[in-house]
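Single-structure report; data block below.
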Amino acid sequence: MEIIHLPVMVKEAMKVLNPIPGGTYVDATIGPGGHSEAILTLIGTGGKLIGIDRDNEALRIVQGKLSDKRVILRKGNFSDMENLLNKDGITEVDGILFDLGISMVQMKDIERGLSFISDKRLDMRMDREQPLSAWDVVKRYPVKELERIFREFGEERLSRKIAEAIVRERRIRPIDTCSALSEIVERVYGGRGRVHPATKTFQALRIEVNKELEELQKGLDSSIRIMKKGGRLCVISYHSLEDRIVKHFIARSSKEGSLKVITKKPLTPGSEEIRSNPSSRSAKLRAAERI
């Protein structure tokens, strides 16, 4: 069965990104290409779109959807945006969009080891060619490092107990699968609640494996250097750690005189969008203009 991914806050994103005919834009996390399709309708025949993703499968899917001479697809991290663009002779752009969410295609791919109930090997890599996986973290990291990851990247109140439970368990048997890890966290919590108890643990592992917060900071720093004056930066984040980095970056850049704030408060999805796409409920959109 085909998995449908709904892009989040497309209308709001296009309003603040404001793609212009003939402009050059970067979709720094192109995924299945939903936002890119919207950008292409607005930039006209003379425009150009550079789509970046670290996921080979995402690029394969979007290549089939966006067979268009205006589109350039590049595999890589958005932290390396400048080098990726320079390979095509592009030194400045009119706007950059970051959608930091995980696509439904990735979430439903059980081989990626992102699902609590999957009996597949712990993985969580967005780039399947990178060496570090969640399995390596769970197998090798010492208890203090596991605790730090769960506390800082998952904001998990039981970070110490979960880290200790993992270390105890792996002395007895390997923790190879998502479901095995979920069961350990459930035991620490004493059962399940409305939200799965392993949610924060899995988030923390995914952030560690993909170095998501480090990559985001580097990507934002790059955006300043390659946006033209009047160019727009648009970032959609899904949890407080990402949003805090984006908020502080825009505020600092505004104080330094390189960005003008467009969204004084983050935009959020409307009730209709949340009903049709519940995974959008935590989204926050912030935007700024290069000056």
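As a basis for the values below, the full set of heavy atoms in this structure was taken, side chains included, without hydrogen atoms, waters or symmetry mates.
When side chains are defined from C-beta on, E289 does not count as touching L259, because their heavy atoms never get closer than 4.5 Å. Proximity of I224 to L233: side-chain heavy atoms (C-beta onward) are nowhere separated by under 4.5 Å. Side-chain contact between I90 and K48 is present, with heavy atoms from C-beta onward closer than 4.5 Å. When side chains are defined from C-beta on, P266 does not count as touching L285, because their heavy atoms never get closer than 4.5 Å. Looking at I226 and E92, their side chains never come closer than 4.5 Å, going by heavy atoms from C-beta outward. The side-chain heavy atoms of K228 and R290, taken from C-beta on, include no pair separated by under 4.5 Å. The shortest distance between side-chain heavy atoms of E272 and S276 does not fall below 4.5 Å. Between R60 and D55, every side-chain heavy-atom pair lies at or beyond the 4.5 Å cut-off.
Hydrophobic clustering keeps L267 apart from I274 (ILVMFWY residues linked when any side-chain heavy atoms are closer than 4.5 Å, directly or through intermediates). A single hydrophobic cluster is seen to contain both I166 and V188, as judged by linkage of ILVMFWY side chains at heavy-atom distances under 4.5 Å, directly or through other members.
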- Message: Using the rule given for side-chain contact (heavy atoms from CB on, under 4.5 Å), can you reason through D94 versus R232, listing the C-alpha separation, both sets of side-chain angles and the distance that settles it, and then say yes or no?
- Response: CA-CA 7 Å; D94 295 286; R232 296 285 183 92; over 6 Å; no

- Check step by step if side-chain contact (heavy atoms from CB on, under 4.5 Å) holds for I291 and K229. CA-CA 5 Å; I291 54 177; K229 286 188 177 180; over 6 Å; no

- Message: Working note: E186 + H196, criterion side-chain contact (heavy atoms from CB on, under 4.5 Å); need CA distance, chi angles, decisive distance, verdict.
- Response: CA-CA 8 Å; E186 280 185 50; H196 197 291; 3.6 Å; yes

- Hey, mind stepping through R74 and D88 against salt bridge (charged side-chain N to carboxylate O under 4.0 Å, His left out) and telling me if it holds? CA-CA 10 Å; R74 288 288 174 260; D88 293 291; 2.8 Å; yes

- Query: What's the verdict on side-chain contact (heavy atoms from CB on, under 4.5 Å) for I50 and L73, showing C-alpha distance, side-chain angles and the deciding distance?
  - Reply: CA-CA 6 Å; I50 303 92; L73 298 178; over 6 Å; no

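Considering CG of L132 and CZ of R140, their distance stands at 9.0 Å, rounded to 0.5 Å. Separating the CG atom in L213 from the CG atom in L100 is a distance of 9.5 Å, to the nearest 0.5 Å. Atom CD of E212 sits about 10.5 Å away from atom CG of N77, to the nearest 0.5 Å. Taking CD1 from I236 and OG1 from T268, the interatomic distance works out to 12.0 Å, rounded to the nearest 0.5 Å. The structure places CG of D221 at 10.0 Å from CE of M81, a figure rounded to the nearest 0.5 Å. Note: D176 CG to R173 CZ = 11.5 Å, rounded to the nearest 0.5 Å.
Salt bridge status for R148 with E145: present, with a side-chain N to carboxylate O gap under 4.0 Å. We find that E215 and K218 are not joined by a salt bridge, their nearest charged nitrogen and carboxylate oxygen being 4.0 Å or further apart. Salt bridge status for R244 with E155: present, with a side-chain N to carboxylate O gap under 4.0 Å. Taking a cutoff of 4.0 Å between a charged side-chain nitrogen and a carboxylate oxygen, D243 and K247 do not qualify as a salt bridge.
A search for salt bridge (Lys or Arg N to Asp or Glu O under 4.0 Å) contacts involving E156 returns nothing, not counting sequence neighbours. In this structure, the salt bridge (Lys or Arg N to Asp or Glu O under 4.0 Å) partners of R160, at least two apart in sequence or on a different chain, are E147, E164. Under the rule for a side-chain contact (heavy atoms from CB on, under 4.5 Å), the partners of R70 that lie at least two apart in sequence or sit in another chain are L40, I43, D68.
Counting only residues at least two apart or in different chains, ring pair (Phe, Tyr, Trp, His ring centres under 6.0 Å) contacts with residues 233-255 are absent. Listed by first then second residue, pairs satisfying ring pair (Phe, Tyr, Trp, His ring centres under 6.0 Å) with a partner in residues 25-76 number zero, not counting sequence neighbours. Sorted by first and then second residue, the pairs that involve residues 60-96 and meet ring pair (Phe, Tyr, Trp, His ring centres under 6.0 Å), not counting sequence neighbours, are F78-F98.
Screening D123, N210, V138 for a side-chain contact (heavy atoms from CB on, under 4.5 Å) with L205, the sole residue that qualifies is V138. Among the candidates E82, Q217, M227, the single residue satisfying the side-chain contact (heavy atoms from CB on, under 4.5 Å) test with S222 is E82. Each of D53, L84, I52, D127 was evaluated against K75; a single residue qualifies, D127, per the side-chain contact (heavy atoms from CB on, under 4.5 Å) test.
Taking every heavy atom of both residues into account, P269 and A283 meet most closely at CD-O, 3.4 Å. Residues A198 and V185 come closest through the heavy atom pair CA-CG1, 3.8 Å. The two residues Q203 and G154 have their closest heavy-atom pair at NE2-CA, 4.0 Å. Nearest heavy atoms, G51 versus I30: CA-CD1, 3.7 Å. Here the shortest heavy-atom pairing between R128 and R125 reads O-NH1, 3.0 Å. Between E273 and V8, the shortest heavy-atom contact is OE2-CA, 3.4 Å.
Here the side chain of S67 pairs no donor or acceptor atom with the backbone of G64 at under 3.5 angstrom. No donor-acceptor pair under 3.5 Å is formed between the side chain of E256 and the backbone N or O of S258. Distance alone, capped at 3.5 Å, places no donor-acceptor pair between the S118 side chain and the S115 backbone. Using a distance-only test at 3.5 Å, with no hydrogens or angles considered, no donor-acceptor pair links the side chain of S254 to the main chain of I250. Of the possible donor and acceptor atoms, one in the side chain of Q130 sits under 3.5 Å from a partner among the backbone N and O of V209. Judged by distance alone, with hydrogens and angles left aside, the side-chain atoms of K65 form a donor-acceptor pair with the main-chain N or O of P32 at under 3.5 Å. Side-chain atoms of S223 come within 3.5 Å of backbone atoms of L220 as a donor-acceptor pair (strictly under, hydrogens ignored). Under a 3.5 Å cut-off, the side chain of T177 and the backbone N or O of R121 do not form any donor-acceptor pair.
No side-chain donor from either of D99 and T29 sits under 3.5 Å from a side-chain acceptor of the other. In this structure, a donor-acceptor pair under 3.5 Å is present between the side chains of D80 and N83. A side-chain donor from one of S179 and D119 sits under 3.5 Å from a side-chain acceptor of the other.
Note: F202 and F116 have perpendicular aromatic rings, judged against thresholds of 30 and 60 degrees for the angle between ring planes.
In this structure, K211 places its NZ atom where more than 12 heavy-atom neighbours from other residues, nucleotides or ligands lie under 6.0 Å away.
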